[in-house]
Amino acid sequence: MTSSVEHFDVVIVGAGFAGLSLAHGLAGRDLEIAIVDKRDSYPNLFRAEKIEPRQAESMRRLGTLEMRAPLAGPIGKTLNVSGDKVETFDTVEQYGIAYGDTVNNLKRQLPADIRVITDTVSDIVPGKHGTISMDSGSVLHSKLVVIASGFVDQLSASLAIRRKDYPELRSLSFGFDIRRADGAGFTFNGLNYFPSETNSKILYMTVFPIGDRMRVNLFTRLDPKDPMAKQLRDHTLATLVNLFPKLCDFTGEIELDSRIQSVPTNYYRVTGYRVPGVVLVGDAFQSVSPATGSGLSKVLTDVECVIDCFLSRWKDYESISARDVMSYYRHREKRGCDRRSLQSWYYADYNPCKAMALPEKVSRRLRLALKVWVARGVFP
Ligand SMILES: Cc1cc2nc3c(=O)[nH]c(=O)nc-3n(C[C@H](O)[C@H](O)[C@H](O)COP(=O)(O)OP(=O)(O)OC[C@H]3O[C@@H](n4cnc5c(N)ncnc54)[C@H](O)[C@@H]3O)c2cc1C
């Protein structure tokens with residue numbers, strides 16, 4: 001086993017969308033930067049598959065929008081079906097992407113002066129400059145350590161950062177490709193379909209192109225052990241047509257064109273993050289409901305806030321104190337984005353088919369506001 005010790009201005013732990021977006025955003029500024037990931041390339045996991053307009057703006061600022069894969073144009077005109085109502089709207093700048101391919105592209109296109117290390121980070125010890133230990137035995141020292149390692153229980157025994165789960169908020173998402181049984185193309189660019197309110201655990205489905213594939217994302221609040229979840233995994237299309245009875249009016253007869261990926265998620269946020277020289281970004285800090293499409297917004301907001309703090313102040317400091325890192329967590333943009341993302345998790349069961357009287361609307365809003373306040377308030 002070879003071991004070495006190296007010094008950096010910034011070490012990023014995790015080369016997912018968050019870590020790589022940050023590396024690109026900080027590149028070209030005469031900084032010593034390293035990014036470490038336990039995997040050489042990102043696998044084909046079901047994660048964000050759409051870039052929304054504000055996310056596209058942020059990626060453009062970071063110089064990464066043109067690195068998405070496939071590099072296809074916006075989805076454009078999309079049908080919105082809720083109950084009997086069918087509307088067409090233009091998504092303006094919404095793109096279908098393959099998450100793994102995009103992440104791998106971002107990694108391939110990193111500038112040469114960013115050190116890319118394939119290794120598993122096993123421990124992070126904070127100090128004047130943080131110490132990052134890896135499974136290979138190599139050690140890095142860095143003024144700033146950015147944890148961008150996604151959904152992890154506990155990264156380091158030396159940090160008191162812990163994940164606090166909130167099981168009340170859960171989701172189960174399904175992703176798969178479809179094709180028309182007659183081999184013809186689809187007659188729409190994109191389709192969003194909200195079911196009638198008979199089963200409140202089924203939120204909505206969205207159909208959109210990723211390159212030459214037609215992708216379906218189905219978002220639910222099902223428990224993975226729910227019989228309906230099993231039906232959706234085992235008899236996907238038949239169950240889908242039961243839940244969305246007019247689906248074939250829009251798609252024609254359809255067949256599966258890929259395996260079914262189903263991913264359970266629940267809300268969590270970390271505690272104990274007031275650590276000198278260490279910050280958490282993206283899913284490492286707080287999870288999102290996939291149904292809300294706010295994951296990449298949270299990632300990109302965190303990334304832009306770290307860049308803002310680092311370039312405007314921290315880069316000139318000899319070391320970054322616990323008080324300094326709190327200016328990132330208290331950044332107006334970050335706090336607002338985290339709050340909106342959590343709120344939209346509660347609002348994800350909003351069904352546009354359901355008409356509500358004003359008192360019901362007001363009471364629902366108040367109940368939801370209270371829940372969000374409690375979910376944020378239980379964390380320091
Ligand atoms: C099913 C699903 C659908 C979603 N749909 C959407 C959507 O439509 N729109 C949207 O905006 N968001 C969506 N999201 C959320 C979005 O995908 C995530 O918020 C985003 O991908 C998080 O990126 P990240 O970089 O923080 O984490 P990740 O992409 O998970 O990256 C973490 C990286 O850290 C590495 N790592 C972990 N531990 C270590 C270690 N110890 N040492 C070294 N490396 C390590 C991993 O290998 C990985 O490469 C969805 C999420 C899911 C689960």
Side-chain angles (χ1 to χ4, degrees), residues 11-23 34-43 45-56 58-59 75 94-100 102-104 106-107 116-124 132-136 138 140 145-157 159 170-176 192 203-206 208 210 215-220 260-268 280-303 337-338 340-341 344-345 348:
V11 167
I12 302 167
V13 180
F17 192 82
L20 289 162
S21 300
L22 180 63
I35 183 160
V36 190
D37 202 287
K38 60 185 178 186
R39 293 183 285 222
D40 200 23
S41 77
Y42 205 93
L45 298 178
F46 175 25
R47 295 284 183 273
E49 297 191 326
K50 263 191 207 167
I51 296 172
E52 303 293 340
R54 279 177 165 232
Q55 300 167 352
S58 173
M59 289 177 74
I75 296 170
Q94 188 185 56
Y95 302 97
I97 56 158
Y99 185 77
T102 291
V103 170
N104 290 327
L106 288 175
K107 194 168 184 180
V116 178
I117 301 170
T118 304
D119 210 332
T120 300
V121 171
S122 49
D123 199 19
I124 298 169
I132 301 116
S133 305
M134 296 178 285
D135 278 0
S136 64
S138 296
L140 311 175
V145 182
V146 180
I147 302 180
S149 50
F151 177 87
V152 276
D153 280 332
Q154 189 185 330
L155 183 75
S156 159
L159 296 173
R170 81 156 84 84
S171 71
L172 180 66
S173 312
F174 298 82
F176 49 92
N192 299 326
L203 302 176
Y204 68 96
M205 65 179 287
T206 174
F208 55 96
I210 297 184
R215 189 73 175 158
V216 178
N217 285 181
L218 169 65
F219 298 111
T220 80
I260 311 290
Q261 293 172 293
S262 76
V263 182
T265 326
N266 75 285
Y267 176 62
Y268 62 80
L280 293 102
V281 297
D283 281 12
F285 180 71
Q286 178 181 316
S287 64
V288 298
S289 161
T292 63
S294 61
L296 298 187
S297 305
K298 248 175 40 54
V299 164
L300 292 161
T301 302
D302 285 359
V303 163
C337 187
D338 288 348
R340 284 191 300 277
S341 177
S344 56
W345 196 315

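Whatever order the structure lists ligands and atoms in, that order sets their numbers, starting from 1. Only heavy atoms go into these numbers, but all of them, side chains included; no hydrogens, no water, no symmetry mates.
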**Report entry** Closest heavy-atom pair and its distance - I35, A23
**Finding:** CD1-CB, 4.4 Å
At what distance is the nearest protein heavy atom to [atom], and which residue and atom is it?
atom: atom 17 (O) of ligand 1; value: A48 N, 3.0 Å
atom: atom 37 (C) of ligand 1; value: S149 O, 3.3 Å
atom: atom 52 (C) of ligand 1; value: P290 CG, 3.7 Å
atom: atom 44 (N) of ligand 1; value: K38 N, 3.2 Å
atom: atom 25 (O) of ligand 1; value: A18 N, 2.9 Å
atom: atom 47 (O) of ligand 1; value: D37 OD1, 2.8 Å
atom: atom 41 (N) of ligand 1; value: V121 O, 3.1 Å
atom: atom 21 (O) of ligand 1; value: Y99 OH, 2.7 Å

Query raised in the report: Has R54 got more than 12 heavy atoms of other residues, nucleotides or ligands less than 6.0 Å from its CZ?
Result: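 Incorrect, the count does not exceed 12.
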Report, in ascending order of atom number, the atoms of ligand 1 lying under 4.0 Å from any heavy atom of [X].
X: G14; answer: 33 (C), 34 (O), 35 (C)
X: G282; answer: 26 (O)
X: V263; answer: 1 (C), 53 (C)
X: Y42; answer: 28 (P), 29 (O), 30 (O), 48 (C), 49 (O)
X: T120; answer: 41 (N), 42 (N)
X: V288; answer: 15 (C)
X: G16; answer: 25 (O), 29 (O), 31 (O), 33 (C), 49 (O)
X: Q55; answer: 11 (O)

Requested in this report: May I ask whether F151 has any heavy atom positioned less than 4.0 angstrom from an atom of ligand 1?
Outcome: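 For ligand 1, residue contact (heavy atoms, under 4.0 Å) with F151 is absent.
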**Report entry** Within-shell test, L20 vs ligand 1, heavy atom, strictly < 4.0 Å
**Finding:** no
Any side-chain heavy-atom pair of [X] and [Y] under 4.5 Å:
X: E52; Y: L296; value: no
X: L218; Y: Y204; value: no
X: L159; Y: I147; value: yes
X: K50; Y: I97; value: no
X: T265; Y: R170; value: no
X: V11; Y: V36; value: yes
X: I132; Y: V145; value: yes

Query raised in the report: What do you reckon, are the aromatic ring centroids of F219 and F174 less than 6.0 Å apart?
Result: no
Query raised in the report: Side chain or backbone of A148 under 4.0 Å from ligand 1, or both, or neither, by non-hydrogen atoms?
Result: backbone
Query raised in the report: At under 4.0 Å between heavy atoms, which part of R39 makes contact with ligand 1: side chain, backbone, both or neither?
Result: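 For R39, only side-chain atoms sit under 4.0 Å from ligand 1.
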Requested in this report: Only heavy atoms count here, so choose which of D283, V103, I117 is nearest to atom 22 (C) of ligand 1.
Outcome: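 Of the listed residues, D283 has the closest heavy atom.
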Are any of the N/O atoms on [X], whether in the backbone or the side chain, positioned under 3.5 angstrom from an N/O atom of ligand 1?
X: A284; answer: no
X: L296; answer: yes
X: S173; answer: no
X: G19; answer: no

Report summary line: Taken in chain and number order and not counting sequence neighbours, the residues that satisfy ring pair (Phe, Tyr, Trp, His ring centres under 6.0 Å) with F46 are none
Query - Counterpart residues, ring pair (Phe, Tyr, Trp, His ring centres under 6.0 Å), relative to Y42 (two or more places apart) - result: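 With sequence neighbours excluded, Y42 shows a ring pair (Phe, Tyr, Trp, His ring centres under 6.0 Å) to Y99, given in chain and number order.
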Query raised in the report: Which of these passes side-chain hydrogen bond (donor to acceptor under 3.5 Å, both in side chains) with S341: S289, S294, S287?
Result: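 So the option named by the test is S294.
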Query raised in the report: Has the side chain of T118 got a donor or acceptor atom that lies under 3.5 Å from a matching backbone atom of K38?
Result: no
Query raised in the report: Side chains of T206 and N217: is there a donor and an acceptor less than 3.5 Å apart?
Result: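 There is no such pair (donor and acceptor under 3.5 Å, judged by atom type) between the side chains of T206 and N217.
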